[in-house]
Amino acid sequence: MIVLGIETSCDETAAALVDDARAVRADIVLSQLDEHRPFGGVVPEISARAHVETLDHVIARALDQAQLGYAELSGIAATAGPGLIGGLLVGVTAAKAIAAARGLPFIAVNHLEAHALTARLTDDVAFPYLLLLVSGGHCQLLIVEGVGQYRRLGTTIDDAVGEAFDKSAKLLGLGYPGGPEVERAAAGGDPKRFDLPRPMKGRPGCDFSFAGLKTALRHAVAAHGALTPRDVADLAASFQAAVGDVLADRTQRAIAAFKAEHPSGDTLVIAGGVAANRALRGRLSALAAVNGMRFVAPPQLLCTDNGAMVAWAGLERLRLGLTDGLDFAPRPRWPLDAAAATLART
Ligand code: KG4
Ligand code: ZN
């Protein structure tokens, strides 16, 4: 089985080919960063236009890299939500057109499910596992019980963690996207110099909150006046340490809930763009070790948005016969736990 996966939900135009032996035959990611950078964030209209202009070329490059033609494919998968509607329409329409023209099955992939299942592509992780999903739009703890079977233990009540990184980078005068810039600045900084809050730490449940941390950082910046590079490094390190403490605290609680339900479950997986952060990976890896759990984090290029994760999620669904009609409409909002309802319907 070989599946083509298309990702256009945000600011990356990506296409990849993955097979059922877990080999990534091709993986092309074209970032729109340069187009959005002058605006300090993703501009939906610019994004949709860039997807239209580049997607055909990106798909052709993926097929070329894998030395495959459409005749050798088993299915066409595309991210159908959640995300920016313009981009979703471009990717889904392209996938449906190829599927219709070639008589291939079409698979509508939930972007969060694609992040969630990546650890099965990279490390062959068995169900069930505990997942910390941290991206630009989401921050959730989930028990992954099967394809389309997710139980959410906690989510953010305000900002997503990637969003907190991006906004903090702006406050510190760092570039866009903020996550990698904050990580770079923090590498040389003192994480103890600024005493920032750890929202929700020690509270019952597994929910997150990052708005207060961002506000505290804004106050610290305002109180400080002009920032030297050392100040920026120390603020970035203090912010990243606070995020690490919060993620570790919430995840520790989720581990207890997960183990209570699945005593034999032994794997903690981290996924999504923020999972590319080395300091946070180290923090969660240590937490897993303390709890006697295996820790799995996909390679960085498979943490941030890519086509391979979409192709893999499509392949997992195709194997179970979970394909979609060509009338499937993209969903700008599509919570992952509702994917269980999709499974039940099919
Ligand atoms: O998963 P992703 O590529 O797109 C979404 O689905 O949202 O995640 C993008 C987010 C951005 O907020 C970006 O700043 C953050 O992931 N990110 C990072 C790092 N690399 C990307 N955050 C912290 N440290 C990083 N190294
Ligand atoms: Zn993503």
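In this text the structure is predicted, and so the values were computed from the model without any measurement. Every number for a ligand or one of its atoms is a count from 1 in the order of the listing.
If you check which protein heavy atom lies closest to atom 15 (C) of ligand 1, you get Val274 CG2, 3.9 Å. At the shortest separation from atom 2 (P) of ligand 1 among protein heavy atoms lies Asp305 OD1, 3.3 Å. In terms of protein heavy atoms, atom 17 (N) of ligand 1 is closest to Gly273 O, 3.6 Å. Shortest contact from atom 22 (N) of ligand 1 to any protein heavy atom: Gly179 CA, 3.3 Å.
Applying the 6.0 Å contact sphere to CZ of Arg61 captures no more than 12 heavy atoms from other residues, nucleotides or ligands. Residue-environment remark: CZ (Arg22) exceeds the threshold of 12 foreign heavy atoms within 6.0 Å. Within a 6.0 Å radius of NZ in Lys259, more than 12 heavy atoms belonging to other residues, nucleotides or ligands are found.
On a distance-only criterion, Asn277 and ligand 1 share at least one N/O pair closer than 3.5 Å.
Under the 4.0 Å criterion applied to side-chain N and carboxylate O atoms, Glu53 and Arg49 are not assigned as salt-bridge partners. A salt bridge between Asp249 and Arg198 is absent, with no side-chain N of the basic residue lying under 4.0 Å from a carboxylate O of the acidic one. Between Glu163 and Lys214 there is no salt bridge, since no side-chain nitrogen of the basic residue lies less than 4.0 Å from a carboxylate oxygen of the acidic one. Ion pairing between a basic and an acidic side chain is recognised when a charged N comes within 4.0 Å of a carboxylate O; Arg193 and Asp231 show such pairing.
Ring centroid separation for the pair Phe194 and Phe239 does not come in under the 6.0 Å cut-off. Checked against a 6.0 Å centroid threshold, the rings of Trp334 and Tyr150 do not count as neighbours.
Each of the atoms 7 (O) of ligand 1 lies under 4.0 Å from some heavy atom of Gly137. Atoms of ligand 1 lying under 4.0 Å from at least one heavy atom of Glu183, given by number and element, are 25 (C), 26 (N). Residue contact check: His115 has heavy atoms under 4.0 Å from atoms 1 (O), 6 (O) of ligand 1. Against a heavy-atom cut-off of under 4.0 Å, His111 is close to the following atoms of ligand 1: 6 (O). Distances below 4.0 Å separate heavy atoms of Gly162 from the following atoms of ligand 1: 12 (O).
Of the options Gly178, Cys303, Ala186, Gly136, the smallest heavy-atom separation from atom 9 (C) of ligand 1 is shown by Gly136.
Within the structure, ligand 1 has Pro180 among the residues with a heavy atom less than 4.0 angstrom away.
Between NE2 of His115 and OD1 of Asp305, the angle at the Zn ion (ligand 2) works out to 100°, rounded to 10 degrees.
The side-chain tip of Arg151 does not point at the ring of Phe258 from less than 6.0 angstrom away and within 45° of straight on.
Residue-level proximity to ligand 1 for Asp166 is carried by the side chain, the only part with a heavy atom below 4.0 angstrom.
When distances to the Zn ion (ligand 2) are checked against a cut-off of 2.8 Å, His111 contributes an N, O or S atom below that limit.
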